[in-house]
Amino acid sequence: MLGSGCECRTAGASNTSGKVGNISDLQGRGSGPGRPGDAGSLRPMRMSALFLRTLRDDPADAEIDSHRLLLRAGCIRRVASGIYSWLPLGRRVLAAVEGIVRDEMDAAGAQEVLLPIAQPLDLWARTGRDATYGPLMFRLADRKEAGFCLSPTAEEAITALVAGEYSSYRDLPVNLYQINWKYRDELRPRFGLLRAREFLMKDAYSFHADTDDLRRTYAEMYAAYQRVFTRCGLTFRSVEAQAGEIGGDVNHEFMAVAAIGEDDFVWCTGCDYAANVEAARRHGRLHQEVPAVDAPVDAPVDAPERDRVHTPDLPGIAGVAAHLGIEPSELLKCIAFDVDGELGLALVPGDREVNPYALTQALAPRSARLYTDDDFVARPDLPKGYIGPDFTGAALVVADPLVGEERPWVTGANEVDHHVRHAVLGRDFRVDLWADLVSVVSGDPCPRCGARLSVDRGIEVGHVFQLGTKYAEALGAAYTDADGHDHPMVMGCYGIGVSRIVTAVVEEHHDDRGIVWPDALAPFAVHLVVLPGKGDTAAAVVGAAEALYADLRAAGVAVLYDDRDASPGVKFADADLLGMPWRVTVGAKGVARGVVERRRRADGTEDEFPLLEAAARLASA
RNA sequence: CGGGGAGUGGCGCAGUGGUAGCGCACCUGCUUUGGGGGCAGGCGGUCGGGGGUUCAAAUCCCCCCUCCCCGACCA
């Protein structure tokens, strides 16, 4: 599985060394000037001059560790809900992530562009997405009342751009990317940078003559993504995702494993199967024995006749189970859905939930969706909470194979405040269609190998799609083939949440004292602390620290020098909070013995160097 | 959008009708110096905004704004 360590790969073009934990990995990081999200090289800095104020107390509105620590460490400050300023330390981390992304995108053959953030709504009308995005888009009007939006993504803009430039199969393929701010007016921004309304995203778009060519680039980008997240120090999994309504066949999400993540994903403990909860399926009985559609099933001989029980004011599974003294799994849950305007019922055991995506998939090409509260209001004959599988108004009954077990069920009586016991498949109710319907839970069998599946939470840090021709057709991105025929270009798109990675990294790499930056992302490689003390030796200690600082600068080491007039406790606490990979202490104790001390933030291990050799040793450590 | 909570100095908080406070941070001085030390003295607040009640409003009433949390198809 994927480890959390930093891959043996340097972060910037000017690196000369590739050893893990090498301070020089931080040298010269950054890219050329003028790009959004480019902080330039990592210059050394005196802490007395750094724009930084650390917070001793936790901000009251920060709920998760990464948000709390990024605020306390002075990396970010909130400006509005879901909108943040990036201060120098945070800015450097963001730039480091950008550098890695840029490095891998360039290596994968993608070319960097920069598209406008302010985009005309007309452009979005051409694909109809101005309507589907709806209030999720920030909208504005210019002085002539022309509509604009702040780009939430850029398929339209890039496709229109390519359509205007390229028209021949000889031009293809081409893969373009940008790193730019994106805007989504989220229903509920939360968790700091995790669900923000303004966020930095790398979005790439590839254009191809055919699907085979798309698949080649898709595979290359997939591999590049794995390198990006590995280099960022994230523990992650790539998972199969549900093909959304946006179009496209194959797509994968990259999930950083995190308890506070907003997305569940499923992975197999026995093979490499992994999928998000929408796309995930368990190994159901469909794979072994599939009852014929509408086939009667023999009832167990000894099943008692079904009988009604009074269950007043108990429209929920848990309440009914408790009332009757049975397990939720003994109940048959009947979920109402709409299929092309008719009522359908989905049957699953009471301890299971219907996966709405699985239902939709099972009934395709018919259009199916679960009932909402409004639907129930429109159907007062349907006793929500007391629906049984034999409800006479149901045009279609779909059941998960878990319902095919030969046993009696407790289920709704189709009458408010009443359930029935001993409802038996084949005798008391029918099933029109068997389909995998339940959401996967931990412990379910893997659909590929049968081993145990596990459900975990993650932060979606990347997503790759094979889009197909939807956008090319809508925006006229076509090419002429060798025979002179026109075809729409086949597209892929590939996103990475750059600012979200920063939060995901802190979630994974911190302790109770502060952030523990991975080497590849740290704002500085070395946090140099001077402890002059009082007395005759103070000047000598400061002199030694100043000399070491100068030498490290000369050696090109990214060093943050805590030259403040503060107590040792304050300096050490701040060093722990800020989380640079190495802390180097020049104090009276050490200087008296002619040494400086070095401490690894990640594990607390310490060692010493002779004062005179310190700069050279640290620069090449 | 529904429910809940909160807006008082940079951060964390107290203050329920009568002169706006505490801790941290910040400034000055002294002291201390290997894990957020001590003493003394300071700077800093339209108490989210508007309206109202009152002799008097951070405090009571009305409206608005902002922020946070939970939920927003599982019967």
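Hydrogens, waters and symmetry mates are skipped; everything else that's a heavy atom, side chains included, is used. On a predicted model such as this, the values are computed, not experimentally measured, just so you know.
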(request) Find the partner of B/U19: check Watson-Crick (N1-N3 plus N6-O4 or O6-N4) and G-U wobble (N1-O2, O6-N3) distances, both under 3.5 Å, and reply none if neither fits. (result) none
(message) If you assign each of A/Asp61 and A/Asp574 to its closest nucleotide in RNA chain B, which residue comes earlier from the 5' end?
(response) A/Asp574
(request) On RNA chain B, check which nucleotide each of A/Phe337 and A/Arg599 is closest to and give me the residue with the more 5' one. (result)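 Final value for this comparison: A/Arg599.
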d([atom1], [X]; [atom2], [N]) in whole Å:
X	N	atom1	atom2	answer
A/Leu52	B/G36	CG	P	20 Å
A/Glu186	B/C1	CD	P	16 Å
A/Leu331	B/C74	CG	C1'	13 Å
A/His67	B/C68	NE2	P	8 Å
A/Asp57	B/C22	CG	C1'	13 Å
A/Tyr84	B/C68	OH	C1'	10 Å
A/Met47	B/G36	CE	C1'	13 Å

(request) Indicate, yes or no, whether a donor-acceptor pair under 3.5 Å links the base of B/G3 to the side chain of A/Arg188. (result) no
(message) Check this for me: does the side-chain of A/Arg72 come within 3.5 Å of the base of B/G36 through a donor and an acceptor?
(response) yes
(request) May I ask you to establish whether A/Arg583 and A/Phe572 are in a cation-pi arrangement, using a distance under 6.0 Å from NZ or CZ to the six-membered ring centre and at most 45° from the ring axis? (result) yes
(message) Check whether A/Trp582 forms a cation-pi arrangement with A/Arg600 (NZ or CZ under 6.0 Å from the six-membered ring centre, at most 45° off the ring normal).
(response) yes
(request) Answer yes or no: does a side-chain N or O of A/Arg56 lie under 4.0 Å from OP1 or OP2 of B/G36? (result)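 No, no such contact exists.
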(request) Kindly say if A/Thr585 contacts the phosphate of B/G34, meaning a side-chain N or O under 4.0 Å from OP1 or OP2. (result)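 Result: no.
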(request) Assign the ring pair A/Trp124 / A/Tyr133 to parallel, tilted or perpendicular, where the plane angle (0 to 90°) is split at 30° and 60°. (result)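 Because their plane-to-plane angle is over 60°, the rings of A/Trp124 and A/Tyr133 count as perpendicular.
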(request) Look only at the side chain of A/Asp562 and the backbone of A/Met47, and say whether a donor-acceptor pair between them is shorter than 3.5 Å. (result) no
